**Q** 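Have a look at the structure that comes next, please.
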Amino acid sequence: MLKIYNTLTRSKETFKPRVEGKVGLYVCGMTVYDYCHIGHARVMVVFDTVARYFRYSGYDLTYVRNITDIDDKIIKRANENGEGFLALTERFIDAMHEDERALSVLPPDIEPKATQSMADIIKMIEALIKKGLAYVGGNGDVFYSVAKFENYGKLSGKNIADLQAGERVDIDKAKKDPLDFVLWKMAKPGEPSWDSAWGKGRPGWHIECSAMSTCCLGNHFDIHGGGMDLQFPHHENEIAQSEGATGEKFVNLWMHNGFVRVDEEKMSKSLGNFFTVREVLKNYRPEIIRFFVLSSHYRSPLNYSDEQLEDAGAALTRLYTALRGVEVIENACDPEYKMRFEQAMDDDFNTAVAMAVLFDLARELNKVKSDASRAGVLASTLKTLAGVLGILQNEADDFLKGGEAENGLSEEDINQQVQARIEAKNNKDWAKADEIRDQLKAQGVIVEDIAGGKSSWRRENV
RNA sequence: GGCUGCUUAGCAAAAUGGUUAUGCAGUGGAUUGCAAAUCCAUCUAUGGCGGUUCGAUUCCGCCAGCAGCCUCCA
């Protein structure tokens, strides 16, 4: 029985889909004006794993993750670069997809863009005005009247009085109330714009997600996810917009993932302490990054450091080493490990515990290597379960021998050396054999003798 | 200031009202020509002070520290 932590109730709840066997999942994606950093990677990997597990569990899932491709930051960046905003967003959308593929993140079923959802956005704003929940402000922008929406703040645990007391932004004269937020923003000369009843403009930051999610999944759907920082105001405003416009409940369950930190501080654009996915990929292989992300629970903070990434690499090496040389028996699965794995994942997607099961599995696999049939079953189980997490899908040898292809020795060179060492060993010329091994070690290659006078090798530091 | 959440061994990270997490590192042993890999054993733990309880790391309260949101942010 799958349990998921619901931000709305601040407790784990048994998951009950609206329609038996079906799940609608919407996740707030990127605003595409820059490269993805590791924080974005966490969202992508976490919800990809959630999606994989739903499917593995037999649900018919519709996974929607939007792209916000028009907003102030995009316009600003495009101006700075002296390029059109479409050229800019197109570049970063491509880059994002590239990063995703590297991290084995499967594409969502639907990936709507704000710029392609203008009709729905405008329709929703019109509905809000009609219901008296929105108004045209002194500057022509359209605002949401927060005070008119009952239950405002129920997701983030805030109330209007506290928010007003804590108000510290300069008051916008165009608004009736400082808490009101913009739904439609009038275009300045030269800015990209779309026609509307209120004049040429563009959507405010929150409305596009309300429009795209309800459009793709219906007015009321199962799960909405995103980073913790979106809880307020973004998701709070989405609720106000969607429920205000449709009069129906918006979302049953809200999932929020924790931050990636650097030196115990949130990784973010504004702090400038972020590492882009492509930067990190220069030093670590993609599967290691994915493993690192899933090694802690999705709601916990995740501290980014070289030590952590290296640990992840070592751990992954252990799993691949267990698989090395074992003939996988297709479709076989050990029920005991399967059950333990599912229990872990059923408990609010506890990937850390699920991984611990994989390590227990690897230990037993190492023990029974001489028993080909048992080993084959365990190896198959290991690959299948790890596949739900999106890891361990490479050939063991490819993983262990891959990496640092550029500066390192070529495979041919290594094989030659290893062969030379075997000859030395056969001649009992230990000094020579050790010398070869030391030389390879110095170049990041570890030689390991295996039964039958053979040797295997792998690259250090994956 | 208001509101969340966190505090587990050398590092990372789970779980649990009384029983081995797991990975890396350490120690001892097996294996090995020697290593590596692997296996076995083993050492480090639950921020502080109270309370509930037969028993609390786990529940409750207070304190301290940390992080986050309240402004763009995944």
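Chain naming here is simple, since letters A, B, ... match the order of the sequence lines and numbering starts at 1 in each. Nothing here was measured: the structure is a model prediction, and the numbers come from that model.
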**Q** Quick one: Lys454(A) NZ to G33(B) C1', roughly how many Å, whole number?
**A** 20 Å

**Q** Nearest to the Ala352(A) side chain among C11(B), A74(B), A14(B), which nucleotide is it?
**A** A14(B)

**Q** Atom CG of Asn303(A) and atom P of C66(B): how far apart are they, to the nearest Å?
**A** 15 Å

**Q** Tell me which of Val357(A) and Gln231(A) sits closer to the 5' end of RNA chain B, going by the nucleotide each one is nearest to.
**A** Gln231(A)

**Q** Of the listed nucleotides (A74(B), G33(B), C39(B)), which one gets closest to any side-chain atom of Asn257(A)?
**A** A74(B)

**Q** Taking only the P atom of each, what is the distance from A45(B) to U19(B) in whole angstrom?
**A** 16 Å

**Q** Yes or no on side chain to side chain contact (heavy atoms under 4.5 Å, CB included) for Leu382(A) and Leu323(A), after CA distance, side-chain angles and deciding distance?
**A** CA-CA 8 Å; Leu382(A) 181 53; Leu323(A) 286 172; 3.8 Å; yes

**Q** So, do Leu217(A) and Tyr63(A) sit near enough that their side-chain heavy atoms are less than 4.5 Å apart?
**A** no

**Q** Send over the distance from Leu155(A) CG to C69(B) P, rounded to a whole Å.
**A** 15 Å

**Q** Name the nucleic acid region contacted by Lys158(A), choosing base, sugar-phosphate or nothing; use a 4.0 angstrom heavy-atom cut-off, strictly under.
**A** base

**Q** May I ask you to verify if any side-chain N or O of Arg318(A) is less than 4.0 angstrom from the OP1 or OP2 atom of G23(B)?
**A** yes

**Q** Please name the nucleotide paired to C3(B) by Watson-Crick or G-U wobble geometry with both distances under 3.5 Å, or report none.
**A** G68(B)

**Q** Among G33(B), A74(B), A15(B), which nucleotide has an atom closest to any side-chain atom of Thr31(A)?
**A** A74(B)

**Q** Looking at Asp348(A), Asp347(A), Asn6(A), which hits side chain to side chain donor-acceptor pair (under 3.5 Å) with Lys12(A)?
**A** Asp347(A)

**Q** Taking a pair as Watson-Crick or G-U wobble with both distances under 3.5 Å, which nucleotide is matched to A21(B)?
**A** none

**Q** Does anything in residues 292-299 of chain A reach RNA chain B, meaning a heavy atom under 4.0 Å, and if so which residues?
**A** Ser295(A), Ser296(A), His297(A)

**Q** Within the 4.0 Å heavy-atom criterion, would you say Ala356(A) contacts the bases, only the backbone, or no part of the nucleic acid?
**A** base

**Q** What is the nucleic acid contact for Gly39(A), judged by heavy atoms within less than 4.0 Å: base, sugar-phosphate only, or nothing?
**A** base

**Q** So, do Tyr33(A) and Phe92(A) have ring centers that fall under 6.0 Å from each other?
**A** no

**Q** Looking for any heavy atom pair under 4.0 Å, which part of the strands does Ser300(A) touch: base, sugar-phosphate only, or nothing?
**A** sugar-phosphate

**Q** Return the value, rounded to whole Å, for the distance between atom CD of Gln308(A) and atom P of A25(B).
**A** 15 Å

**Q** Looking at Lys401(A), I want to see if its NZ is surrounded by more than 12 non-hydrogen atoms of other residues, nucleotides or ligands under 6.0 Å.
**A** yes

**Q** Which residue, Arg10(A) or His37(A), contacts RNA chain B at a nucleotide closer to its 5' end, judged by nearest heavy atom?
**A** Arg10(A)

**Q** Looking for any heavy atom pair under 4.0 Å, which part of the strands does Asp360(A) touch: base, sugar-phosphate only, or nothing?
**A** sugar-phosphate

**Q** Can you tell which of U22(B), C34(B), A12(B) lies closest to the side chain of Asp449(A)?
**A** C34(B)

**Q** Can you tell me the Watson-Crick or wobble partner of U42(B), both distances under 3.5 angstrom?
**A** G26(B)

**Q** Assign Arg340(A) to base, sugar-phosphate, or nothing according to its heavy-atom contacts below 4.0 angstrom with the strands shown.
**A** nothing

**Q** Nearest to the Asp311(A) side chain among A74(B), G23(B), A36(B), which nucleotide is it?
**A** G23(B)

**Q** Counting any heavy atom closer than 4.0 Å, what does Asn366(A) reach on the DNA or RNA strands: base, sugar-phosphate only, or nothing?
**A** sugar-phosphate

**Q** Would you call Arg52(A) and Leu389(A) a side-chain contact if the rule is heavy atoms closer than 4.5 Å?
**A** no

**Q** What distance, rounded to whole Å, do you find between the two C1' atoms, one in A25(B) and one in G10(B)?
**A** 7 Å

**Q** Among A74(B), A37(B), A13(B), find the nucleotide with the atom closest to the side chain of Thr321(A).
**A** A37(B)

**Q** Return the value, rounded to whole Å, for the distance between atom CG of Asp180(A) and atom C1' of C70(B).
**A** 16 Å

**Q** For G33(B), does the base pair up with any side-chain atom of Asp434(A) as donor and acceptor (N or O, under 3.5 Å, distance only)?
**A** yes

**Q** Taking atom C1' of A35(B) as reference, at what distance in whole Å does atom CD of Glu460(A) sit?
**A** 13 Å

**Q** G5(B) base to Arg261(A) side chain: any donor-acceptor pair below 3.5 Å?
**A** no

**Q** May Phe359(A) be described as stacking on the base of G23(B), applying a 5.5 Å centroid limit and a 30° limit on plane angle?
**A** no

**Q** Who is the Watson-Crick or G-U wobble partner of A9(B), with both distances under 3.5 Å?
**A** none

**Q** Any base atoms under 4.0 Å from Met267(A), or only sugar-phosphate, or nothing? Heavy atoms, all strands.
**A** base

**Q** Is it the case that the side chain of Ser300(A) and the backbone of Ser296(A) share a donor-acceptor pair, with hydrogens and angles ignored and the cut-off at 3.5 Å?
**A** no

**Q** Taking all non-hydrogen atoms of both residues, which atom of Cys333(A) and which atom of Thr381(A) are closest, and how far apart?
**A** CA-OG1, 3.4 Å

**Q** Once you apply the 3.5 Å cut-off to both distances, tell me the Watson-Crick or G-U wobble partner of C62(B), or none.
**A** G48(B)

**Q** Does Leu155(A) offer a backbone N or O that forms a donor-acceptor pair with the side chain of Glu236(A) under 3.5 Å?
**A** yes

**Q** Looking at C39(B), does its base get a donor-acceptor pair with the side chain of Arg363(A) below 3.5 Å?
**A** no

**Q** Run the side chain to side chain contact (heavy atoms under 4.5 Å, CB included) check on Asp306(A) and Tyr284(A) step by step: do they pass?
**A** CA-CA 9 Å; Asp306(A) 282 325; Tyr284(A) 301 97; 2.7 Å; yes

**Q** Tell me what Ser268(A) touches on the nucleic acid: a base, only sugar-phosphate, or nothing, going by heavy atoms under 4.0 Å.
**A** base

**Q** Quick check with a 6.0 Å cut-off and a 45 degree axis cone: is Lys158(A) positioned over the face of Tyr152(A)'s six-membered ring?
**A** no

**Q** Taking only the side-chain heavy atoms of Lys425(A) (C-beta and beyond), determine which of A15(B), C40(B), G33(B) contains the nearest atom.
**A** G33(B)

**Q** Measuring only the P atom in each nucleotide, how far is C11(B) from C70(B)? A whole number of Å is fine.
**A** 32 Å

**Q** Applying a 4.0 Å non-hydrogen cut-off, can you work out what Glu265(A) is touching in the nucleic acid: base, sugar-phosphate, or nothing?
**A** sugar-phosphate

**Q** Is it the case that the side chain of Glu279(A) and the backbone of Thr276(A) share a donor-acceptor pair, with hydrogens and angles ignored and the cut-off at 3.5 Å?
**A** yes

**Q** With rounding to whole Å, what would you report as the distance between G47(B) and A9(B) at their C1' atoms?
**A** 14 Å

**Q** For Met228(A) and C70(B), give me the distance from atom CE to atom P, rounded to whole Å.
**A** 12 Å

**Q** Could you state the atom-to-atom distance from CZ of Arg324(A) to P of A37(B) in whole Å?
**A** 10 Å

**Q** Distance check, C1' atoms only: C62(B) and A13(B), in whole angstrom units.
**A** 29 Å

**Q** Regarding Lys369(A), tell me which of base, sugar-phosphate or nothing describes its non-hydrogen contacts under 4.0 Å with the strands shown.
**A** nothing

**Q** Select base, sugar-phosphate, or nothing to describe what Val27(A) touches, counting heavy atoms under 4.0 Å on all strands.
**A** nothing

**Q** Could you check whether the side chain of Arg437(A) and the base of A35(B) have a donor-acceptor pair of N or O atoms closer than 3.5 Å, going by distance alone?
**A** yes

**Q** Select base, sugar-phosphate, or nothing to describe what Val46(A) touches, counting heavy atoms under 4.0 Å on all strands.
**A** nothing

